[in-house]
Amino acid sequence: MRRSYSMLAASFVAGLLIAAGPLFSRGSKADLDVRGFSRLPLLEGGRIKPIDSFARNSLLVIRGQQSLPVDKHRLTAAHWLLDSMFRPEAADTYKAFVIDDPDVLGLLGLERGKERRFAYWQVEPKREEIRAQAERSHRVESGRRSRFQTAVANLDSRLELYERIKNTVMVNGADDPVREFESFVKLLPSALKAMHGSAKASAADQKATKSLTEMLDRYRFLASAAAFKPLPPRAGEHPDEWTNVGEAAMSPAAAADPHPGLYAYARMAQAYKDSEPAAFNDALRAFEVWLRRERPEALSSARSEEIFNRAQPFVSGMTLYVMALLAVCLWWATRRAEVQSVSTGLLGAAVLVHTLGLCARVILQGRPPVTNLYSSAVFVGWVAALLGLFAERFHKKGFAAAGGALVGFCSLLVAHHLGSSGDTMEMMRAVLDSNFWLATHVVTITIGYGATFLAGALGVSWIVRLHFVKKHDAETSKALTGLTYGVIAFGLFWTFVGTVLGGIWADQSWGRFWGWDPKENGALLIVLWNAAILHARWTGAIRDRGIMVMAVLGNVVTSLSWFGVNMLGVGLHSYGFMDKAFWWLVAFAAGHFLIATLALLPPRFWTADKA
Amino acid sequence: MRPNTPWRRLVAALSSMRLTLVCLGLMMALTVICTLAQVPLGTHVAVDRTIRTFLVWWQPEGSSLQIPVFPGGGMVGALLFINLSLAQFMKLEWSRRKFGLWVSHLGLALLFVGEFSTAFFQVESHMPIEIGQTRDYTEDYRRLELAVVDTTDSERDALTSIPESIVKAGGEIAHPSLPFMLRVKRYHENSQFHMRGPTDPPSEATLGVGASLHMHPEPPVSGEGEQNAASALVEAVAPDGRSLGILWLSNALGAPQGFITEGRTFSLSLRARRYYLPFSLTLKEFHHDKYAGTNIPKNFSSLVRLSDAGRGENRDALISMNNPLRYGGKAFYQASFGKNDTLSVFQVIQNPGWLIPYLSCILVSLGMLIHFGLKLAGAMGGSK
């Protein structure tokens, strides 16, 4: 017994150490402080975040991954951003753009070989053509676009993002940003004199006006093209008034008292271009000192988020769930108590890492855990895994643990793919901007989804067991049915409460309790399905096998109402439209129908020895 | 108790759990149908045809035949309600063990009552209002009325409203307050007007803007954000049988049209049906907040002055997202905006049963907590 406990503790700690690994990894050995740079705050998409988050999300959108291989080593997102901004001639050669669509490749005159990623310079000659095609497709309603139109519009927006990044701190390819800015500031007073028609305006002033006009044009361009706003307002100014480089340079106060961030970024750009790490780090330090004095809260929140990004708790969580699942299978095969302890320890570690990740998101965002499709996937898995861990305490057969780990892993995987569309902590649209309702309706209904998925996973394991296990064991089967029944009841409670709370929220914001909107109907379907299972059981219309089949099909109902209704694109709830996942959803549903059919076949129909 | 008489057999069938299962299945099927039907039909029409009806009708292409193909939401809901009530009183024992089920089923029954009350009594309309404007009526864009306004008295207008259904039925319409009769010559649910070109036939209208327009019928639409432009060709006829003129009336034509007869001036229009309120709202301010540096809306809010002479109320009220104004049995919600943020649109709902779902939610969740809680406690006690 004691040995089991020590195994449990050891595997739990080992799991946590695996998860903590990324936090201690050293970045590139180069003396350039890329990490310090990636922790600087900026304003983009309505919220303050570190450069690291912006770089990761941008690269994810452009390339589908958070890093980029260049000459046999991997470039981090922040490093890629530095190259794009300050050394665009190099960044243009990185194969950063995923282009899959054969028609778009045809338009570009590119060969579709093994490589499906292309560099900016390969696309650049046809840039105008892509823009024109994208404009055409924007005139077509988004639901009616052809595959080519969708793909070309998508490529155009990714190219535009990249071009904006290149023109955020300095005009793409500018030679000497520091000197340019200095001369701009120097010229400003005399140019102003000339512009206001002062009698004393000399010929030199006139000349100043001319070169100033050129520079102004450039800064005006920067102000409109910038991808983000890196310059925070000084202490005492309104906290929302962040500016980009162009805006700050053109502000009326620029001549007398330019924003210190302007020099800092210009010096960093210069040093990076000239490969002078010491100068880069100096400029970075000086700016950090200024930030700590003027905007300490922005600096510290950006730093916390950078740590969260590096830790990637949901990726480690996925690994740990798989390990826990494998350990459970090993336990079933060996029947050794130590292996069972290891599986429990690993699942515990996975749930803890998952929990920490959720908490970190809640703190960083200042919102309840579920705010969009991505976070709902993260939360569903967490509920199922936690519930599985809890249920395993009472039914020590491994099924609850396996089900919890399976749902935890799958939902984190789904979340990982949902997260590739950009910032997962995006701001909430007006109607959703209510922490009270997000915390009540959205959280309760997501708990219901999680429980329903866990019940489905238990059903799947019961069916697999039906055909794999040779010895019929009525007691295990009964325990498993009881467990599933309990989880379904739990799910019915939360889905019902969540659905009605949703109705009440709708009554508060749209003036009707229930409008038969697709999302509402989806939630109602899950409630009806769970209620039908329970009532069918009470009447005796179904028994063990029936409950399990219905629980498995409950996964189909839940996934359809969770994702399927978003694909219809109608109704007030259609905020998160997504089209790629359609075939995955079909495959998921088909797989579950197959498993349900398996259950209806006689036990061990395919085994050779019909005992 | 053996079901021997037909009456008992009926009650037994109606209270059977098998019927519950059938109804749950039908309800799921209906929900799926309703959801899918929203893609081509839009939410409102789809709900009216599948849920807010006793039977779902199917009309074969190009035929006027209506065939019932599926029980509608009204029938399934009513059946489930009867089933629930009967089963409750005839089958479920009155014991502490089943107390939770009693409570949650009572809450569920209330939910049905609430949805039926919504279907029958809820009136939905809109109030578009510009900054500085005062409004004492709301408009229902999905229902029209033929409004005849006597504008002779510059102080007060006298309104005669004729519902769309009567206009649609065609024929002659007489009203005691009008010194003439209206003859509806044609009516189209959806239509398009354009300036009459040299090749178009002469207009059928003799008065108003319609005389210079050409009308072109269109198939009716019901999608999200689509609106029908109905049109009616109406002739006003004096008591002596003399024609006062023929007009094209449409909710798509904004210009006032009318005529003078017996020294009184009348203006006619086909417009969104209006509901007059015993109070008025004045829009003082409208705010459209965005997140810093983006166009993502953060909040919409309207500051209105509510004035009700009858009840002696005169106060400011703030209407914002998730924060409606409830007054006089109606709720005003921030629904939309326009005209460069100077126009605010409220959705106005009158639903006497709006509190029922709140009560029902509390009852059902409480009931389930009690029931499943007892079961869980039993199971955990047993497993140790």
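These numbers come from the heavy atoms of this one structure, side chains and all, not from hydrogens, waters or symmetry mates. Throughout, protein chains are lettered first and strands after them, A, B, ... in sequence-line order, and every chain is numbered starting at 1.
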Region of [X] that comes under 4.5 Å of a non-hydrogen atom in chain B:
X: Ala541(A); result: side chain
X: Trp516(A); result: both
X: Phe513(A); result: side chain
X: Leu560(A); result: neither
X: Ile504(A); result: both
X: Trp494(A); result: neither
X: Leu525(A); result: both

Which atom pairs, one a donor and one an acceptor, fall under 3.5 Å between side chains of residues 360-379 of chain B and the rest of the protein, sequence neighbours left out?
| unit_1 | atom_1 | unit_2 | atom_2 | d |
| --- | --- | --- | --- | --- |
| Ser360(B) | OG | Gly107(B) | O | 3.0 |
| Ser365(B) | OG | Cys361(B) | O | 2.4 |

Can a salt bridge be assigned to the pair Asp240(A) and Lys298(B) using a cut-off of 4.0 Å between side-chain N and carboxylate O?
-> no
Residues in residues 481-489 of chain A near chain B [non-hydrogen atoms, under 4.5 Å] =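 The stretch touches chain B at Tyr485(A), Ala489(A).
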Please walk me through it: do Thr35(B) and Asn521(A) pass side-chain hydrogen bond (donor to acceptor under 3.5 Å, both in side chains)?
-> CA-CA 7 Å; Thr35(B) 311; Asn521(A) 288 352; 2.9 Å; yes
Answer with side chain, backbone, both or neither: which region of Asp289(B) has an atom nearer than 4.5 Å to a non-hydrogen atom of chain A?
->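 Contact with chain A is absent: no heavy atom of Asp289(B) under 4.5 Å.
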Check each atom of Leu355(B) against the heavy atoms of chain A and say whether the ones under 4.5 Å are side chain, backbone, both or neither.
-> neither
Please list, in residue-number order, every residue in residues 15-25 of chain B that has a heavy atom less than 4.5 Å from any heavy atom of chain A; write 'none' if there are none.
-> Met17(B), Thr20(B), Leu21(B), Leu24(B)
For chain A, find its close neighbours in residues 111-126 of chain B: heavy-atom separation under 4.5 Å, sorted by number, or none.
->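 If one takes a 4.5 Å heavy-atom cut-off, the residues of residues 111-126 of chain B near chain A are Leu111(B), Glu115(B), Gln122(B).
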What residue, out of Asp507(A), Val500(A), Leu492(A), has the most heavy-atom pairs lying under 4.5 Å from chain B?
->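 The candidate making the most pairs under 4.5 Å is Asp507(A).
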